[in-house]
Amino acid sequence: MSIQPPTERLWWKEPVATPEKVWITVAFLWGLAMFGMMIYWHVAGRQNLSNEAYRIDPAVYQERAMAVAAQYTVREEAGLPVVAPPPGTDIYLIARLWQWWPIFELKKGQDYRLHLSSMDWMHGFSLQPVNINLQVHPGYDMVVTVTPDRAGEYGIVCNEFCGIGHHTMVGKLYVVE
Ligand code: CUA
């Protein structure tokens with residue numbers, strides 16, 4: 001018992017007991033299996049998002065985002081442009097203190113290359129009510145190919161604490177039939 005001092009002075013020189021060896025082996029093999037599952041779920045479970053990441057200057061990113069918005073804005077909503085880009089194109093969402101810009105209107109069942117980047121600090125892209133979470137870094141262009149499968153109105157909340165206005169950093173995304 002650990003309450004008593006060990007009887008042998010060189011207690012740590014004892015050979016490892018069999019049950020302990022068994023548990024170390026089990027834990028190691030389980031770790032390996034779970035490592036394999038990460039890759040397996042990526043393909044079979046469709047649980048992990050495949051993304052690409054590139055270095056980008058925030059000013060360049062902003063220029064690209066504004067070019068897309070300038071070309072495909074269909075209306076305004078609460079001071080934000082609602083942008084309906086053609087399927088298959090690259091769309092750029094800007095994260096900044098404390099706003100998601102612009103509002104996209106996507107078509108159900110179509111592919112889009114969604115770019116995410118921050119203009120200032122780190123933000124978190126969380127699509128509600130579905131469970132999609134991505135970190136948004138300044139200086140990096142994160143690209144995910146998305147295919148919206150349900151029409152409706154989605155919320156985008158920031159789930160990375162980014163200062164005093166963090167809780168007001170709420171965006172919107174439309175998926176239409
Ligand atoms: Cu942006 Cu929290």
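Here the structure is a predicted model, which means the values were calculated and not measured.
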Could you tell me whether the side chain of Y154 reaches within less than 4.5 Å of the side chain of Q128, counting heavy atoms only? no
Backbone N or O of Y140 within a donor-acceptor pair of the S117 side chain at under 3.5 Å? yes
Looking at K107, is its backbone amide N or carbonyl O close enough to the side chain of Y112 to form a donor-acceptor pair, meaning the two atoms are under 3.5 Å apart? yes
W98 side-chain N/O to C162 backbone N/O, donor-acceptor pair under 3.5 Å: yes
Less than 4.5 Å apart, side chain to side chain, heavy atoms only: is that true for Q99 and M169? no
Starting at OH of Y92, measure out to CD of E63 and round the result to the nearest 0.5 Å. 11.5 Å
Flag the pair L134 / S126 as yes when at least one side-chain heavy-atom distance between them is below 4.5 Å, and no otherwise. no
Would a distance-only check, ignoring hydrogens and angles, find a side-chain to backbone donor-acceptor pair under 3.5 Å from D120 to L97? yes
Where the side chain of T25 meets the backbone of K21, is there a donor-acceptor pair that is under 3.5 Å apart? yes
Is any side-chain N of the basic residue among E105 and R75 closer than 4.0 Å to the acidic one's carboxylate O? yes
Side chain of Y72, backbone of F104: donor and acceptor closer than 3.5 Å? no
Thinking salt bridges, do R113 and E52 make one under a 4.0 Å N-O criterion? yes
Do T89 and P87 have side chains that get closer than 4.5 Å, going by heavy atoms? no
Going by distance alone, is a donor N or O of one side chain under 3.5 Å from an acceptor N or O of the other, for D111 and T147? yes
Under a 3.5 Å distance rule, please check whether H123 uses its side chain to pair with a backbone N or O of S118 as donor and acceptor. no
